[in-house]
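Only one structure is covered here, and it is reproduced in the block below.
Both backbone and side-chain heavy atoms feed into the values below; hydrogens, waters and symmetry mates do not. Whatever order the structure lists ligands and atoms in, that order sets their numbers, starting from 1. Nothing fancy with the numbering, it's 1 onward along the sequence.
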Amino acid sequence: MTEPIGVLFVCLGNICRSPLAEGVFRHVVAENGLAARFLIDSAGTGGWHIGSQPDRRSIDVAARHGIDLTGLAARKLQKADFGRFSVILGMDDDNVLNIRAVAAGPAHIAQFHAYATGQPREIDDPYYGGPDGFETAYQIIRSGSGSLMERLLEKAGSIKG
Ligand code: 4NP
């Protein structure tokens with residue numbers, strides 16, 4: 001069996017954007033019958049929320065789109081992640097800098113939207129804003145997830161599975 005393609009989504013707190021990306025990307029690969037091809041997780045560069053469920057506003061926006069985030073728990077990015085995951089994707093440019101600052105292994109580090117689509121676009125931190133920021137984050141993640149899946153499969157050498 002082919003080794004799963006490891007992709008880790010990273011933001012600051014691992015309670016707003018990256019758990020949303022984890023849930024949406026899991027959903028998209030499952031819709032395509034490809035769940036077994038991927039190892040998918042999320043983490044934060046900060047440790048304030050370790051063990052917490054995603055922010056209620058992320059849970060709500062995902063639920064409105066048929067995706068359940070309630071089983072997720074925040075964790076902090078670890079040095080071992082740079083060996084476990086092929087690709088580590090920050091949601092904004094600060095996340096990418098923070099990931100690079102602790103990088104300790106072969107993982108490819110990039111901004112989510114730039115890697116997925118070829119077009120850089122930051123997913124702004126929605127934590128201190130209103131619910132619109134969460135819907136915007138969802139839409140950007142959702143629109144990039146299909147091309148992210150295809151790009152990762154292409155890089156792994158097969159688009160058939
Ligand atoms: P996230 O949002 O990085 O998308 O999870 C944040 C959540 C919490 C904090 C910052 C950003 N915080 O400072 O506690």
Query raised in the report: Among His113, Arg17, Arg121, Gln111, which residue meets the side chain to side chain contact (heavy atoms under 4.5 Å, CB included) test with Asp92?
Result: Arg17
**Report entry** Identified side chain to side chain contact (heavy atoms under 4.5 Å, CB included) counterpart of Cys11 within the set Ser42, Pro126, Cys16, Ser18
**Finding:** Ser18
What are the atoms of ligand 1, with element, lying closer than 4.0 Å to any heavy atom of [X]?
{"X": "Gly13", "value": "1 (P), 3 (O), 5 (O)"}
{"X": "Cys11", "value": "1 (P), 3 (O), 4 (O), 5 (O)"}
{"X": "Ile15", "value": "5 (O), 7 (C), 8 (C)"}
{"X": "Tyr128", "value": "13 (O)"}

Query raised in the report: What do you reckon, does His49 put a non-hydrogen atom under 4.0 Å from ligand 1?
Result: yes
Query raised in the report: Between Arg17 and ligand 1, does any nitrogen or oxygen pair lie at a separation below 3.5 Å?
Result: yes
Report task. Under the salt bridge (charged side-chain N to carboxylate O under 4.0 Å, His left out) rule, what do Arg142 and Glu31 come out as? Steps first, then yes or no, please. Result -> CA-CA 13 Å; Arg142 180 83 202 203; Glu31 271 180 346; 3.5 Å; yes
Query - Arg37 (side chain) donor-acceptor with Val29 (main chain) under 3.5 angstrom - result: no
Query raised in the report: Distance-only, no hydrogens or angles: does the Asn14 side chain make a donor-acceptor pair with backbone N or O of Val10 under 3.5 Å?
Result: no
Query raised in the report: Applying a 4.0 Å heavy-atom criterion (strictly less than), which segment of Asp125 is in contact with ligand 1: side chain, backbone, both, or neither?
Result: side chain
Query raised in the report: Is it the side chain (CB and beyond), the backbone, both or neither of Asn95 that lies under 4.0 Å from ligand 1, heavy atoms counted?
Result: neither
Report task. May I ask you to test the Leu77-Phe82 pair for a side-chain heavy-atom distance under 4.5 Å? Result -> yes
Query raised in the report: Which residue holds the protein heavy atom closest to atom 5 (O) of ligand 1, what is that atom called, and what is the gap in Å?
Result: Cys16 N, 2.9 Å
Query raised in the report: Aromatic rings Phe25 and Phe38: how do their planes relate, parallel, tilted or perpendicular, breaks at 30° and 60°?
Result: perpendicular
